[in-house]
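Structure record follows, encoded as structure tokens.
All ligand and atom numbering here is 1-based and tracks the order in the structure. Heads up: numbering here begins at 1 and tracks the sequence.
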Amino acid sequence: MSILRAGKLALVTGAGSGIGREVCRVLAREGANVVAADQNITTAQETVAFLEGTEHIALHINVEDRNSVKTAFKDVVKQYLKPPTIIVNSAGIVRKMFLMKPDDSNFDDVINVNLKGTFLVTQIAVNMLMEGNANTNSSIINISSIAANGRYVGYSTYNASKAGVIAMTKSASLELGQFGIRVNAVLPGFIDTPMISHISEEAREMHINNIPLQRFGKPEEVAEVIVFLASDRSSYINGASIEVTGGLI
Ligand code: NAP
């Protein structure tokens, strides 16, 4: 039995790769209509091509740009005649940058995509939901990271951006719960996606020593949790941050 009501409309950012792509797959499997949004329209189209069902579209979005996000949401409403009631903020980037090395552009890039992007998508999605009186039973899921604990050396900006996502999730849940919009965060550990494909075998082994399940996670293992949070089965979970790390210490 499907865990989503048939015809639920979902918008996923970062849908052209990794976790976002898997979220699209699981949402479609559970009967949702999926808007696969990414800055790379080609990979978003590839995602749509392998989804179950037919009511899915690929859309260009640059989450750090307000106009781009607004246009994307307007296009969705034009196409489906309603706003999405499931929003998954998966677009993200990581950059290694040691604090001693001054580099404003790296800082801006990471904060703009990971934190400002989550903010803009949430704000514009919520305004569309309220305007369309479509807010009840809505669910926003933000992808933070276990890196929000600040323990990864050389990634202070990324770590801080993901800690910001947790704080924003909590604050948004306080503001939006009264309107029937739940907001939760998922904190993945090491998940095998293109984002971490640069990790050397040596570093991988070192990290695996800290994971009780003794392996990196698969994107579908994060996607299943996200789709649970999108469904009514999690109807009393709000403002939560859920770790999906294999027990990483
Ligand atoms: P991924 O495979 O690199 O996918 C990220 C997707 O987001 C890519 O398609 C990327 O496009 C897109 N994107 C980047 N900037 C964007 C922008 N400004 N606007 C729209 N789309 C944009 O990474 P992933 O591993 O699936 O990561 C998904 C989320 O999980 C991220 O927020 C990440 O920080 C988080 N996370 C991942 C891990 C992990 O171990 N993989 C762990 C913890 C948290 P391009 O390919 O063109 O850049």
ask   = With sequence neighbours excluded, what pairs up with Thr42 under the side-chain contact (heavy atoms from CB on, under 4.5 Å) test?
value =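 Thr42 satisfies side-chain contact (heavy atoms from CB on, under 4.5 Å) with Asn40, Glu46 only.
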inquiry  = So if I apply the side-chain contact (heavy atoms from CB on, under 4.5 Å) rule between Asn142 and each of Asn89, Val121, Ile87, which one comes out positive?
reply    =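 That would be Asn89; it is the only one of Asn89, Val121, Ile87 passing the side-chain contact (heavy atoms from CB on, under 4.5 Å) with Asn142.
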key: Test side-chain contact (heavy atoms from CB on, under 4.5 Å) applied to Leu229 and Ile141, Asn238, Val183, the passing residue   =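 Only match with Leu229 under side-chain contact (heavy atoms from CB on, under 4.5 Å): Ile141.
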What are the atoms of ligand 1, with element, lying closer than 4.0 Å to any heavy atom of [X]?
{"X": "Gly92", "answer": "5 (C), 7 (O), 14 (C), 31 (C), 32 (O)"}
{"X": "Phe190", "answer": "40 (O)"}
{"X": "Ile19", "answer": "26 (O), 30 (O), 37 (C)"}
{"X": "Gly18", "answer": "2 (O), 26 (O)"}
{"X": "Ile143", "answer": "29 (C), 30 (O), 35 (C)"}
{"X": "Ile196", "answer": "40 (O)"}
{"X": "Ala91", "answer": "7 (O), 20 (C), 21 (N), 22 (C), 32 (O)"}

query = Is at least one protein non-hydrogen atom found at under 4.0 angstrom from atom 46 (O) of ligand 1?
reply =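 So far as the 4.0 Å threshold goes, atom 46 (O) of ligand 1 is out of reach of every protein heavy atom.
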query = Do Asp65 and Asn62 have a side chain donor and acceptor closer than 3.5 Å?
reply =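 No, Asn62 and Asp65 have no side-chain donor paired with an acceptor closer than 3.5 Å.
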Can you tell me which residue and heavy atom of the protein come closest to [atom], and the distance to 0.1 Å?
{"atom": "atom 3 (O) of ligand 1", "value": "Met195 CB, 3.7 Å"}
{"atom": "atom 29 (C) of ligand 1", "value": "Ser90 O, 3.1 Å"}
{"atom": "atom 7 (O) of ligand 1", "value": "Gly14 CA, 3.4 Å"}
{"atom": "atom 1 (P) of ligand 1", "value": "Ser17 OG, 3.6 Å"}

Would you check the N or O atoms of [X], main chain and side chain alike, for any that come under 3.5 Å of an N or O of ligand 1?
{"X": "Asp38", "result": "yes"}
{"X": "Asn62", "result": "yes"}
{"X": "Ile191", "result": "yes"}
{"X": "Lys162", "result": "yes"}
{"X": "Val63", "result": "yes"}
{"X": "Gln39", "result": "yes"}

Is [X] close enough to touch ligand 1? Criterion: a residue heavy atom under 4.0 Å from a ligand atom.
{"X": "Gly189", "result": "yes"}
{"X": "Thr13", "result": "no"}
{"X": "Pro194", "result": "yes"}

ask   = Sequence neighbours excluded, which residues qualify as side-chain hydrogen bond (donor to acceptor under 3.5 Å, both in side chains) partners of Glu224?
value =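 Glu224 satisfies side-chain hydrogen bond (donor to acceptor under 3.5 Å, both in side chains) with Arg29 once adjacent residues are dropped.
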ask   = Does Asn184 use its side chain to pair, donor to acceptor, with the backbone of Gly239 at less than 3.5 Å?
value =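 Yes, the answer is positive, given that a donor and an acceptor are paired below the 3.5 Å cut-off.
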query = Within the side chain of Asn127, is there an N or O that forms a donor-acceptor pair under 3.5 Å with the backbone of Ile124?
reply =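 Checking the backbone N and O of Ile124 against the side chain of Asn127, no donor-acceptor pair under 3.5 Å is found.
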With backbone taken as N, CA, C and O and side chain as the heavy atoms from C-beta onward, which portion of [X] lies under 4.0 Å from ligand 1: side chain, backbone, both, or neither?
{"X": "Tyr158", "answer": "side chain"}
{"X": "Val113", "answer": "side chain"}
{"X": "Ser144", "answer": "backbone"}
{"X": "Ile93", "answer": "side chain"}

Heavy atoms of other groups near [X] [atom1], more than 12 under 6.0 Å:
{"X": "Tyr236", "atom1": "OH", "value": "no"}
{"X": "Glu202", "atom1": "CD", "value": "no"}
{"X": "Phe228", "atom1": "CZ", "value": "yes"}

inquiry  = Whether Arg204 and Asp192 form a salt bridge (side-chain N of Lys/Arg under 4.0 Å from carboxylate O of Asp/Glu) is what I want to check.
reply    =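 Yes, charged N to carboxylate O under 4.0 Å.
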inquiry  = Let me check something: do Ile143 and Val110 share a hydrophobic cluster, defined by ILVMFWY side-chain heavy atoms less than 4.5 Å apart, either directly or through other members?
reply    =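 In one cluster with Ile143: Val110, no.
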